Amino acid sequence: MSTNNDISLSSYDEDQGSKLIRKAKEAPFVPIGMAGFAAIVAYGLYKLKSRGNTKMSVHLIHMRVAAQGFVVGAMTVGMGYSLYREYWAKPKP
């Protein structure tokens, strides 16, 4: 039973910042979806005080649906971009 001490665990050597940057380059629409989600939630919280006579639960449901819709849209566009990059824009050998 031999142990190999030369095994490189490069995925464990990177910090969270560099891992986030690497993942953002691999799938660029994920950070866009995260930023859109945060922006919609911030806008919804800002508009919370001036919602009129709308119930709180209805306002929160609308905010959740808008945020989820943005994220799903970003994921769909990202998947289409990945398919385009992989199959159509790939240089032919």
Side-chain angles (χ1 to χ4, degrees):
M1 193 164 143
S2 66
T3 59
N4 187 359
N5 294 333
D6 296 333
I7 297 174
S8 175
L9 301 174
S10 63
S11 63
Y12 295 108
D13 292 341
E14 62 185 351
D15 61 343
Q16 289 182 353
S18 62
K19 185 175 182 178
L20 180 65
I21 291 171
R22 180 177 56 84
K23 292 285 188 178
K25 287 180 181 177
E26 291 173 3
F29 286 92
V30 173
I32 293 171
M34 291 168 48
F37 176 81
I40 290 172
V41 168
Y43 178 74
L45 290 174
Y46 174 73
K47 285 295 190 179
L48 190 64
K49 64 182 176 184
S50 65
R51 70 181 188 274
N53 57 0
T54 305
K55 285 186 174 182
M56 172 78 87
S57 62
V58 172
H59 178 74
L60 292 176
I61 288 171
H62 288 172
M63 187 173 64
R64 178 184 65 89
V65 168
Q68 283 180 333
F70 188 87
V71 170
V72 169
M75 289 172 49
T76 304
V77 171
M79 183 61 74
Y81 175 72
S82 295
L83 286 172
Y84 172 76
R85 190 176 59 185
E86 182 71 26
Y87 294 109
W88 288 289
K90 192 179 203 181
K92 307 235 180 201

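Just so you know, these numbers come straight off a predicted model, no measurement behind them. By convention here, the first residue in the shown sequence is residue 1.
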> Of all heavy-atom pairs between Gly33 and Ala74, which one has the smallest distance, and what is that distance?
Replying inline: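 Between these two residues, the closest heavy atoms are CA-CB, 3.8 Å.
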> Which pair of non-hydrogen atoms, one from Phe70 and one from Ile32, has the smallest distance, and what is that distance?
Replying inline: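 Shortest heavy-atom contact: CE2-O, 3.4 Å.
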>> Heavy-atom count check: over 12 atoms from other residues, nucleotides or ligands less than 6.0 Å from Met63 CE?
In response: yes
> When you look at CZ of Phe37, are more than 12 heavy atoms from neighbouring residues, nucleotides or ligands closer to it than 6.0 Å?
Replying inline: no
> Side chains of Met75 and Val71: does their closest heavy-atom pair fall under 4.5 Å?
Replying inline: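 Sidechains of Val71 and Met75: in contact.
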> Under a 4.5 Å side-chain heavy-atom rule over Ile, Leu, Val, Met, Phe, Trp and Tyr, are Val58 and Met56 clustered together?
Replying inline: no
> Under the side chain to side chain contact (heavy atoms under 4.5 Å, CB included) criterion, do Lys23 and Glu26 qualify, and how do the steps go?
Replying inline: CA-CA 5 Å; Lys23 292 285 188 178; Glu26 291 173 3; 3.8 Å; yes
In Å, rounded to the nearest 0.5 Å, how long is the span from [atom1] of [X] to [atom2] of [Y]?
X     : Y     : atom1 : atom2 : result
Leu60 : Thr54 : CG    : OG1   : 11.0 Å
Gln68 : Ile40 : CD    : CD1   : 10.5 Å
His59 : Leu45 : NE2   : CG    : 7.0 Å

